[in-house]
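Numbers restart at 1 for each chain; the letters A, B, ... are given by sequence-line order, proteins then strands.
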There are 2 protein chains.
Amino acid sequence: MSDAVDAIVDQWVKERADVEDDLWPVQLFGRIQRLAVVIEKSVKANAAQHGLDVGEFDILSTLQRSGPPYALTAGTFLKASMVTSGTITNRVDKMEAKGLVERVRDGEDRRTVKIRLTERGQEVTRAAFTDHLANYARLLADVDRDLVEKAAESLRPVLEALGDTTIK
Amino acid sequence: MSDAVDAIVDQWVKERADVEDDLWPVQLFGRIQRLAVVIEKSVKANAAQHGLDVGEFDILSTLQRSGPPYALTAGTFLKASMVTSGTITNRVDKMEAKGLVERVRDGEDRRTVKIRLTERGQEVTRAAFTDHLANYARLLADVDRDLVEKAAESLRPVLEALGDTTIK
DNA sequence: TGCTCTTATCTCGGTATCGAGATTGTTAAG
DNA sequence: CTTAACAATCTCGATACCGAGATAAGAGCA
């Protein structure tokens with residue numbers, strides 16, 4: 001059994017024998033990066049079926065899973081979504097134009113802006129996320145469930161070590 | 001022990017109890033996607049220190065690991081790099097201007113164009129890749145080596161199932 | 001030779017993202 | 001109450017990428 005990353009590492013061993021002992025992280029990171037590309041394309045296709053791009057779907061999902069009242073500040077998205085502030089502004093602009101979210105200025109601190117799901121935004125998100133999960137399941141249809149769970153478990157300490165954060 | 005993805009899944013369970021049984025792929029895919037972003041940022045920073053962007057570094061690495069004569073067709077990169085043809089053209093244009101690679105038209109089939117590393121390209125790639133591996137090791141410094149290898153192993157069948165390909 | 005189908009690469013308009021700096025509001029010190 | 005420092009968001013130019021279509025070369029067939 002060998003995959004694309006095995007082939008890549010084999011090539012490196014031949015070409016750069018001097019760093020053979022330093023190639024072990026490639027086995028992990030190479031697979032993560034290639035899997036991420038495949039997954040991203042699939043997520044993108046699913047989002048498109050609901051008239052969204054990936055970034056918009058990301059914002060909507062974050063809002064919905066935060067629970068009622070489905071409102072978070074722009075700053076929260078910065079930490080949750082791993083993108084820059086300009087990107088958030090742009091995404092929210094587009095979704096506000098579509099009527100999926102609305103900006104609400106807080107009376108407490110007028111610098112902050114809460115992004116809130118509209119009724120329509122909630123409906124769209126609900127439908128898109130349901131299909132999103134079906135899409136995920138389809139991608140993993142040919143992989144043993146136990147194996148998927150083991151892989152997920154083994155990545156947890158790695159993600160922690162690399163200092164990931166999320167909304168609290 | 002819990003990470004950002006555990007938190008995300010917990011939120012979904014509360015908000016969408018109806019799909020609780022379909023959330024298991026999120027444990028794997030969520031970690032893959034978040035790890036990919038962190039890794040990508042780090043790879044980007046390393047490439048920048050050598051005057052390259054990530055896409056350029058990708059092309060150069062693919063060329064070098066292919067071994068002498070360090071030449072591949074544009075089409076090969078399409079399969080290896082998971083990007084579109086326009087992207088490859090653009091990357092090669094920039095690197096040709098920098099003197100890192102050169103286009104060589106094949107006498108056999110004049111539609112195909114081989115992209116070949118120049119002497120300078122080989123030097124830059126060698127140095128950049130050495131630092132790249134050091135960077136990878138740094139990212140994983142706090143993670144048990146056995147665990148990294150187990151995680152890498154567990155991702156192999158997933159990558160195979162999702163139909164990844166590489167250059168032959 | 002002429003025609004069509006296929007293959008390989010390039011062109012180019014559209015777009016999401018980055019990232020540094022500007023804008024606006026808040027807090028704290030003197 | 002003025003000023004400075006800080007915080008949250010937005011602006012905007014630059015850029016890498018996508019992706020559909022154009023271009024150009026080879027292959028098969030009459």
**Q** Hey, which sits more toward the 5' end of DNA chain D by its nearest nucleotide, Thr84(B) or Ala74(A)?
**A**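 First, find each residue's nearest nucleotide; the 5'-ward one identifies Ala74(A).
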**Q** Checking all strands, does Val54(A) fall into the base, sugar-phosphate, or nothing category for heavy-atom contacts under 4.0 angstrom?
**A**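 No contact at all - Val54(A) keeps every heavy atom at 4.0 Å or more from the nucleic acid.
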**Q** Calculate the interatomic distance between Ile88(A) atom CD1 and dG19(C) atom C1'; express it in whole Å.
**A**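 The answer, rounded to whole Å, is 14 Å.
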**Q** With heavy atoms under 4.0 Å as the rule, sort Lys44(B) into base, sugar-phosphate or nothing.
**A**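 Sugar-phosphate contact only - Lys44(B) comes under 4.0 Å of backbone atoms but never of a base.
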**Q** For the residue pair Tyr136(B) and Phe29(A), does the interplanar ring angle fall in the parallel (under 30°), tilted (30 to 60°) or perpendicular (over 60°) class?
**A**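 Perpendicular: the ring planes of Tyr136(B) and Phe29(A) meet at over 60°.
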**Q** Tell me what Asn90(A) touches on the nucleic acid: a base, only sugar-phosphate, or nothing, going by heavy atoms under 4.0 Å.
**A**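 Here Asn90(A) touches the bases of the nucleic acid.
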**Q** Go through DNA chain D in 5' to 3' direction and return only the first and the last nucleotide with some atom under 4.0 Å of chain B's heavy atoms.
**A**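 Result: dA16(D) to dG26(D).
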**Q** Any salt bridge linking Glu102(B) with Arg116(B)? Criterion: basic side-chain nitrogen under 4.0 Å from a carboxylate oxygen.
**A**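 Salt bridge flag = yes for Arg116(B) with Glu102(B).
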**Q** At 4.0 Å (heavy atoms only), tell me whether Thr112(B) reaches a base, stays on the sugar-phosphate, or touches nothing.
**A**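 Sugar-phosphate contact only - Thr112(B) comes under 4.0 Å of backbone atoms but never of a base.
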**Q** So with a 6.0 Å cut-off around CZ of Arg110(A), is the heavy-atom count from everything else above 12?
**A**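 No, the 6.0 Å shell around CZ holds no more than 12 heavy atoms from other groups.
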**Q** Expressed in angstrom and rounded to an integer, what is the separation of Leu72(B) atom CG from dT9(C) atom C1'?
**A**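 Result: 15 Å.
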**Q** From Glu119(B) CD over to Leu100(B) CG, what is the distance, rounded to the nearest 0.5 angstrom?
**A**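 Between Glu119(B) CD and Leu100(B) CG, I get 12.5 Å after rounding to 0.5 Å.
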**Q** Please determine whether any donor N or O and acceptor N or O are separated by less than 3.5 Å between the side chain of Arg111(A) and the base of dT26(C).
**A**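 No such pair is found, so the answer is no.
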**Q** To the nearest angstrom, how far is Arg105(B) atom CZ from dA8(C) atom P?
**A**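 Distance check: Arg105(B) CZ to dA8(C) P gives 13 Å.
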**Q** Aromatic ring centroids of His132(B) and Phe57(B) under 6.0 Å?
**A**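 Close enough - the centres of the two rings lie under 6.0 Å apart.
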**Q** Can you find a side chain N or O atom of Thr87(A) that sits less than 4.0 Å from OP1 or OP2 on dT17(C)?
**A**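 No, no such contact exists.
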**Q** Short of 4.0 Å, heavy atom to strand atom, which residues of residues 91-103 of chain A count as contacting DNA chain C?
**A**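 The answer is Arg91(A), Lys94(A).
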**Q** Mind calculating the distance between NZ (Lys114(B)) and P (dA8(C)) to the nearest angstrom?
**A**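 Atom-to-atom, Lys114(B) to dA8(C), this comes out as 13 Å.
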**Q** Tell me the interatomic distance from Leu78(B), atom CG, to dA8(C), atom P, rounded to whole angstroms.
**A**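 Answer to the nearest Å: 10 Å.
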**Q** Is the closest basic N to carboxylate O distance between Arg31(B) and Asp6(B) below 4.0 Å?
**A**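 Salt bridge: yes.
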**Q** Scan Gly86(B) against the nucleic acid and name what it touches under 4.0 Å (heavy atoms): base, sugar-phosphate only, or nothing.
**A**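 If one applies the 4.0 Å heavy-atom cut-off, Gly86(B) turns out to touch a base.
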**Q** Could you tell me how far apart Asp53(A) (CG) and dG14(C) (P) are, to the nearest whole angstrom?
**A**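 Rounded to the whole Å, the gap is 18 Å.
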**Q** Using only heavy-atom distances, determine whether the side chains of Ser42(A) and Arg138(A) contain a donor-acceptor pair under 3.5 Å.
**A**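 There is no such pair between these side chains.
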**Q** Looking only at side-chain atoms of Val83(A), point me to the closest of dA20(C), dC18(C), dT26(C).
**A**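 From the listed options, dC18(C) comes nearest.
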**Q** Does Asp58(A) pair with Arg91(A) as a salt bridge, N-O distance under 4.0 Å?
**A**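 Looking at Asp58(A) and Arg91(A), the cut-off is met.
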**Q** Salt bridge between Glu153(B) and Arg156(B), side-chain N to carboxylate O under 4.0 Å?
**A**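 Judged by the 4.0 Å cut-off on N to carboxylate O distance, Glu153(B) and Arg156(B) do form a salt bridge.
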**Q** So, Glu149(A) and Arg145(A), do they make that salt bridge, N to O below 4.0 Å?
**A**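 Salt bridge: yes.
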